[in-house]
2 protein chains.
Amino acid sequence: MATPPRARRSDAQRNRDRLLEVARTVFEEQGAQASLRDIARRAEVGLGTLYRHFPTRDALLDSLLGRHFDALAAQAADLAAAHPPREALTTWLRAFAAQAAAYQDLSAALMDTINDETSPLHASCSAMRGAGARLLRDAQDAGDVRPDVDGLELFALVNAVAWITGHSPAVAARRDHLLDLVLDGLAAPSSRR
Amino acid sequence: MATPPRARRSDAQRNRDRLLEVARTVFEEQGAQASLRDIARRAEVGLGTLYRHFPTRDALLDSLLGRHFDALAAQAADLAAAHPPREALTTWLRAFAAQAAAYQDLSAALMDTINDETSPLHASCSAMRGAGARLLRDAQDAGDVRPDVDGLELFALVNAVAWITGHSPAVAARRDHLLDLVLDGLAAPSSRR
DNA sequence: ACCTGAACACCGTTCAAGT
DNA sequence: ACCTGAACACCGTTCAAGT
């Protein structure tokens with residue numbers, strides 16, 4: 001799960017909230033490499049205040065992403081309980097890709113988080129990945145997905161599709177079709193339609 | 001094909017060559033967002049000279065990429081002549097992915113080129129894409145690849161895999177396996193092993 | 001024709017000074 | 001405790017001045 005909120009002076013908390021709100025907007029508008037100065041300006045906060053709360057760009061991104069990760073992990077559990085394995089996996093991957101596509105360049109940040117075990121986000125990121133891996137294993141146990149795929153590869157593939165989606169409108173229009181192609185590649189030979 | 005070399009004053013030509021050589025090295029070292037100032041410095045050339053020859057970062061990238069595109073297009077023709085359709089396509093896609101993975105962030109530049117018809121690279125980029133699309137069509141005509149995939153989707157998928165490869169060493173180690181998964185997704189049901 | 005580097009407007013990051 | 005903004009070292013881009 002994401003880090004729970006610490007006790008803070010109330011004015012500091014207000015600044016923090018303001019920064020997160022503005023950052024979400026700006027990142028969605030301009031992508032993950034948007035100017036931090038600009039974010040501070042639009043939040044009407046000193047630049048140093050931004051740095052005090054979020055010592056690095058990733059820290060800021062991470063605070064925004066933690067909730068998404070937690071939400072996706074929770075959704076995975078729900079899906080596993082409510083649907084047959086392959087359907088649960090498929091639905092979850094679509095949700096994941098939609099999420100990743102919403103933030104431009106999020107996929108890059110995501111992959112970097114995976115590789116950086118010291119990231120504050122690492123815990124909730126790997127919790128989410130674990131949830132996905134469990135869905136994958138269920139589908140494999142049910143004979144729906146070929147056994148020679150692991151969670152990392154699954155995650156990488158879907159992330160890759162989400163990324164490319166953000167780099168071409170023409171491709172974006174066919175995101176679901178691309179995911180279908182990938183999912184068909186993952187299907188166990190016996191379960192193909 | 002890439003733009004043929006123009007007539008130039010010999011000192012200008014020398015600077016141009018030098019810049020391209022240094023740029024290739026630096027881009028491979030640091031990725032496509034490396035500092036242009038740094039490139040000019042290492043080429044021992046005024047910053048203005050770099051801008052004179054390559055008015056934008058993309059122009060510089062493009063000059064480096066044009067040759068690769070031409071080479072890939074030529075290779076596609078060779079493969080089509082020498083191998084059965086599915087094998088030709090597979091081999092070509094592997095070569096493409098290896099090429100794209102060599103430059104970090106190349107995939108992003110590539111997708112942007114596709115979308116920008118005014119890019120000087122657009123011609124050789126689409127020539128290469130056309131060559132790939134032809135291999136795809138051959139494989140489809142032979143019944144080896146499902147008919148509901150087009151060149152753009154193929155290109156996007158392989159590009160996506162190449163990109164993710166550059167963002168995680170663990171994933172990079174399994175590039176061929178990921179490509180296999182994607183290629184299996186493209187296989188026509190009847191031709192599955 | 002071509003080259004150069006100073007100039008401009010930005011950026012990320014740090015940190016002394018304030019409340 | 002926390003906030004602020006000037007200061008520093010960079011960057012991309014332009015352009016007057018030189019050869």
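Numbered from 1 within each chain, the chains take letters A, B, ... in sequence-line order.
When the side chain to side chain donor-acceptor pair (under 3.5 Å) test is applied to B:Asp17, the partners found at least two apart in sequence or on another chain are B:Gln13. Under the salt bridge (Lys or Arg N to Asp or Glu O under 4.0 Å) criterion, B:Asp148 pairs with B:Arg146, not counting sequence neighbours.
For the OP1/OP2 pair of C:dC2 and a distance below 4.0 Å, the side-chain nitrogens and oxygens of B:His53 include no atom meeting the criterion. Contact check, A:Asn15 against D:dC3: a side-chain N or O comes under 4.0 Å of OP1 or OP2.
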inquiry  = For a quick check, with a 4.0 angstrom heavy-atom cut-off, what is the B/S/- contact string for nucleotides 6-19 of chain D, read 5' to 3'?
reply    = -B---BBBBB----
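Of the candidates D:dT4, C:dC3, D:dC2, C:dC3 carries the atom nearest the B:Arg52 side chain, counting heavy atoms from C-beta on.
Identified under the side-chain hydrogen bond (donor to acceptor under 3.5 Å, both in side chains) test for residues 125-136 of chain B, with sequence neighbours left out: none. Each salt bridge (charged side-chain N to carboxylate O under 4.0 Å, His left out) pair with one or both residues in residues 153-162 of chain B, not counting sequence neighbours, appears once here: A:Arg174-B:Glu153.
The nearest whole Å value for the distance from the CD atom in B:Gln13 to the P atom in C:dC3 is 10 Å.
Interatomic distance, CG of A:Leu135 versus CD of A:Gln75, reported as 9.5 Å (0.5 Å rounding).
Under the 4.0 Å criterion applied to side-chain N and carboxylate O atoms, B:Arg16 and B:Asp11 are not assigned as salt-bridge partners.
Here the closest non-hydrogen pair linking A:Ala162 and A:Ala97 is CB-O, 3.9 Å.
Atom CD of B:Glu21 has 12 or fewer neighbouring heavy atoms from other residues, nucleotides or ligands inside a 6.0 Å radius.
With pairs defined as Watson-Crick or G-U wobble and both atom distances under 3.5 Å, the stems of at least three pairs that touch DNA chain D come out as C:4-8 with D:12-16, C:12-16 with D:4-8.
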